[in-house]
Amino acid sequence: MRIQRYPAIPVLVVLVISLTAGGVLLGCRAAGKTVSAGPPGQAASTTRPAEGPQGWAATMGHAELWTQTCNRCHYAWSPDQLSPTQWEVVMRHMRLRANLTGDEQKAILEFLQSASH
Amino acid sequence: MNVPRGVNVAIFLALACSWAWAQEAVDASKYVSREEYEALKKQMAAMQAEVAEMRKTNVDAAVNADRLEMVDEMSEQIKTLQHQTNFLTSGATKFFLTGDAAVNFTSPRGSPSTFGAKFNPLFLVQLDDRLFFEGGLDIAGSTNPDDQSSTTVGLTEANISYLVNKNLAVGGGWFTLPFARFHNNYDASWINRLPDEPLPFGDRGIAPGNGMGLFAEGAAPLGRTQINYAAYVINGPSQITNSGENAGTLNFDSFDDLNNNKAVGGRIGWQPTTGSEIGYSIMGGRVNPNGFQRVDGVLQAVDAQYRKEIARLYGTIDTRAEWVWSNVSKATFDPTGALMFGPLRFNNDRNGGYVQVSYRPTVLRNKYLRNIEPVIRYDTLEGSSHAPGGGDECRLTLGLDYWVKANAVFKIAYECDNMKDAPDQDAFLAQFAIGL
């Protein structure tokens, strides 16, 4: 079967980027709502002390952070597929592969280890 | 003697009474008094209680002995377990052997169909909380048209990284370049939704996969969003100059620096939500081998991903798109004609990209339907028709995946191909892939 060259594929890429940005803005607004509905002390990461977790590791529960983050590139392996020690090594590996912050690595590891047996 | 009758009766009565009294005195020695009886009863009760107590203690002792035995047994088991877990977890160094494997079936139109298999072991060693080693191999078997079979082994990873703080890691060695996203994030066979790579990341690809050098990368929150960043300096790709078949293309797998001129690059990504990201990558350097005229190359890429579970669609949509620009300055290959293909000079800019959308009904209750994921991808690669191996190509691929597990997938796909300067290569592809 012959398919026609589609000269405007960069346009498609731009479209996906704009969709992403659009979804993002919606996502941020939704997130803003949930956050402001919570208790004032837990709202924004800026109100937390500098040593505590920051960003998504602070605003999301460990299990939710795992579902949201670990399904992005591949489907998330079930926690009982690996031992707590194996999860430690995997999370160190994913720290760079999945562009995680140290706080995210720690939070997700805690969840995986507690759910792995 | 004559005794009056009354006296006889009196004597008889007296005798009878004394006998009775004597009798009574003997019997009284046999019996206890009321008080004695009561005292004895009390003593008896006390003794009975004592005996019961003693019996009970004896039973308790037996139970205790049983329990002690159990405790001994358990502590023995715990010791064995401790020993085993110590074996697995003791010491700071932790090791995990992982990777992926795949079995392929390819049936190109007009050519013989073939099975194939590959195995990519990945060795992960965590030396302590900060130091980490990653080593990977790519092992594949193939048979060429001359009927010669061979097994190829390639080095895919050999790098050491060190965590500086929670937002930065540095490292060095042979590593997957953070250039665009496919090679770094979607390339493993159990992750890629289709059995083959998009054109810019495939065999004729223009996006670099690995580099030998140093890197620094990390991620940090940015308000309610997140950014990630990476920078590296590597030996860099080298241009192929002495082969008529692919003169002008860049060899990204060069372990050594052929021109003592390092390439530098980096990527910046912005993640507005956990399921979406847009990124920009750039890499530049001199690419000519020593002794060849100066050739500079600049590679750039944009990438985007949007993944979201949409209840109204009963599932999750995953959209991935990337575009790569490869700008390499013009050069004259085989200027004297000594290599029998020159002199050859052409515009060496090449571009390419892909858009891929997949949908999986993750919300459906039926577990068989929930494991099905249809995929559609459009990919293209554009390059000068005068360049060896150049010419435009675009493909539309339709695929269907069945997820046995998160790390085991069966894929089938049909690829409609359109090549400007060569016969089209439509193909049916199938693959079973697992993450190990």
Side-chain angles (χ1 to χ4, degrees), chain A residues 1-6 9-10 12-17 19-21 23-28 31-32 35 44-46 54-60 65 68-69 71-78 81-86 88-90 92-93 95-106, chain B residues 88-89 94-96 98 124-126 132 134 161 163 165-167 169 184-186 188 190-191 217-221 224-226 228 269 271-278 302 304-308 319-323 353 355 378 380 392 394-396 403 406-407 416-418 420 424 426 435:
Chain A
M1 186 181 107
R2 270 198 89 77
I3 51 150
Q4 288 309 303
R5 260 189 52 72
Y6 188 63
I9 188 163
L12 269 180
V13 175
V14 171
L15 199 77
V16 173
I17 292 176
L19 271 176
T20 311
V24 165
L25 288 178
L26 284 175
C28 289
V35 166
S45 52
T46 42
Q54 291 171 332
W56 292 332
T59 54
M60 279 187 201
L65 189 63
Q68 298 284 323
T69 311
N71 274 306
R72 192 156 74 92
C73 300
H74 49 72
Y75 290 108
W77 296 29
S78 151
Q81 277 183 268
L82 299 179
S83 74
T85 311
Q86 288 173 329
E88 189 182 337
V89 182
V90 166
R92 176 62 180 79
H93 184 214
R95 164 85 180 261
L96 296 192
R97 266 304 147 101
N99 293 319
L100 306 176
T101 65
D103 292 336
E104 287 170 330
Q105 180 194 356
K106 198 166 159 253
Chain B
L88 290 171
T89 57
K94 285 160 190 142
F95 174 73
F96 183 37
T98 174
L124 305 175
V125 186
Q126 182 175 321
F132 191 76
E134 181 187 11
S161 62
L163 296 181
N165 58 35
K166 58 187 185 181
N167 305 112
N184 211 11
N185 293 161
Y186 311 136
W190 61 277
I191 298 178
E217 59 182 271
R224 286 194 197 115
T225 69
Q226 192 157 297
N228 55 70
Q271 264 186 277
T273 63
T274 46
S276 54
E277 179 167 354
I278 50 179
V302 285
Q305 182 189 15
Y306 185 67
R307 192 190 136 79
K308 193 161 173 58
T319 310
R320 299 169 179 186
E322 303 191 56
W323 188 261
V355 178
Y378 180 87
T380 179
D392 298 351
C394 66
R395 301 185 299 194
L396 182 70
W403 292 92
N407 55 331
C416 308
D417 182 52
N418 182 3
K420 197 170 155 198
D424 298 345
D426 289 10

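By convention in this document, chain letters (A, B, ...) are assigned in the order of the sequence lines, proteins followed by strands, and residues within each chain are numbered from 1.
- When all heavy atoms of B:Glu217 and A:Leu96 are compared, the closest pair comes out as OE1-O, 3.4 Å.
- Counting all heavy atoms, side chain and backbone alike, B:Ala219 lies closest to A:Thr101 at O-CG2, 3.4 Å.
- You'll find the side chain of B:Leu124 stays beyond 4.5 Å of the side chain of A:Arg92, heavy atoms only.
- When side chains are defined from C-beta on, B:Lys166 does not count as touching A:Lys106, because their heavy atoms never get closer than 4.5 Å.
- Remark: side-chain polar atoms of A:Trp56 are paired, donor with acceptor, to backbone N or O of B:Arg224 under 3.5 angstrom.
- Only the backbone of A:Leu100 has a heavy atom closer than 4.5 Å to any heavy atom of chain B.
- Of the listed residues B:Leu163, B:Asn184, B:Val125, the one with more heavy-atom pairs under 4.5 angstrom with chain A than any other is B:Leu163.
- A donor-acceptor pair is defined here as one N or O able to donate and one able to accept, closer than 3.5 Å; no such pair exists between the side chain of B:Arg307 and the backbone of A:Cys73.
- Going from atom CD of A:Gln81 over to atom CG of B:Asn407 covers 4.5 Å, rounded to the nearest 0.5 Å.
- Both the backbone and the side chain of A:Glu88 come within contact range of chain B, with heavy atoms under 4.5 Å apart.
- Contact record, B:Asn165 with A:Arg95: O-NH2, 2.9 Å, taken as the closest heavy-atom pair.
- Residues A:Leu82 and B:Phe96 come closest through the heavy atom pair CD2-CZ, 3.7 Å.
- Counting heavy atoms from C-beta outward, A:Gln86 and B:Thr98 have side chains that stay 4.5 Å or more apart.
- Contact record, A:Arg97 with B:Glu134: NH2-OE2, 3.4 Å, taken as the closest heavy-atom pair.
- Under 3.5 Å, the side chains of A:Asn99 and B:Gln271 contain no donor-acceptor pair of N or O atoms.
- Using cut-offs of 30° and 60° for the angle between ring planes, the A:His93 and B:Phe132 rings count as parallel.
- For B:Thr274 against A:Arg72, the heavy-atom pair with the smallest separation is O-CD, 2.8 Å.
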